[in-house]
Amino acid sequence: NMSDLSMDLNNLREDIKDELLAINHYQSHIDATDKPEIQKLMGHIRDEEKEHVAELVKLLRQLDATEDEKFQKEGI
């Protein structure tokens with residue numbers, strides 16, 4: 001049985017993965033059109049997903065000391 005913390009960390013990592021996939025998804029829509037209004041909206045949504053990644057990684061680092069140490073080692 002996974003501990004509550006392990007489950008939380010697993011869920012956070014899954015959420016980060018999903019946000020990264022969403023970023024790629026919206027970017028592909030931007031790249032596939034020449035319509036500025038679509039590019040603008042998809043760019044805005046993509047950038048919100050990037051903010052979500054940052055927020056989720058921040059929380060992951062707070063909950064996982066090893067993960068935080070690895071980020072610090074890389075100067076992040």
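Note: hydrogens, waters and symmetry copies are ignored here, and every other heavy atom, side chains too, is used.
Inter-residue side-chain proximity for K17 and L21 is flagged as met; some heavy-atom pair is nearer than 4.5 Å. Counting heavy atoms from C-beta outward, R13 and E67 have side chains that approach closer than 4.5 Å.
When all heavy atoms of T33 and I38 are compared, the pair lying nearest together is CG2-CG2, 3.6 Å. Residues L56 and E19 come closest through the heavy atom pair CD1-CG, 3.8 Å.
None of D47, V53, D18, I45 except one satisfies the side chain to side chain contact (heavy atoms under 4.5 Å, CB included) rule with I23; the exception is V53. Across R61, E55, Q62, a single residue satisfies side chain to side chain contact (heavy atoms under 4.5 Å, CB included) together with L59, and that is Q62. Just one of N24, L41, I30 meets the side chain to side chain contact (heavy atoms under 4.5 Å, CB included) condition when paired with R46; it is I30.
Remark: N11 CG to S6 OG distance equals 10.5 Å, nearest 0.5 Å. The CG atom of L60 sits 5.0 Å away from atom CD1 of I16, with the distance rounded to the nearest 0.5 Å. In this structure, Y26 OH and K50 NZ are separated by 13.5 Å, a value rounded to the nearest 0.5 Å.
Hydrophobic clustering (side-chain heavy atoms under 4.5 Å, transitive across Ile, Leu, Val, Met, Phe, Trp, Tyr) keeps L5 apart from M7.
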Check step by step if side chain to side chain donor-acceptor pair (under 3.5 Å) holds for E48 and H52.
CA-CA 6 Å; E48 285 185 349; H52 297 163; 5.4 Å; no
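Looking only at distances, no side-chain donor or acceptor of E49 sits under 3.5 Å from a matching main-chain atom of L20.
Side chains of E14 and N10: no donor on one and acceptor on the other come within 3.5 Å.
Between H25 and H29, the angle of the ring planes lies from 30° to 60°, which puts this pair in the tilted group.
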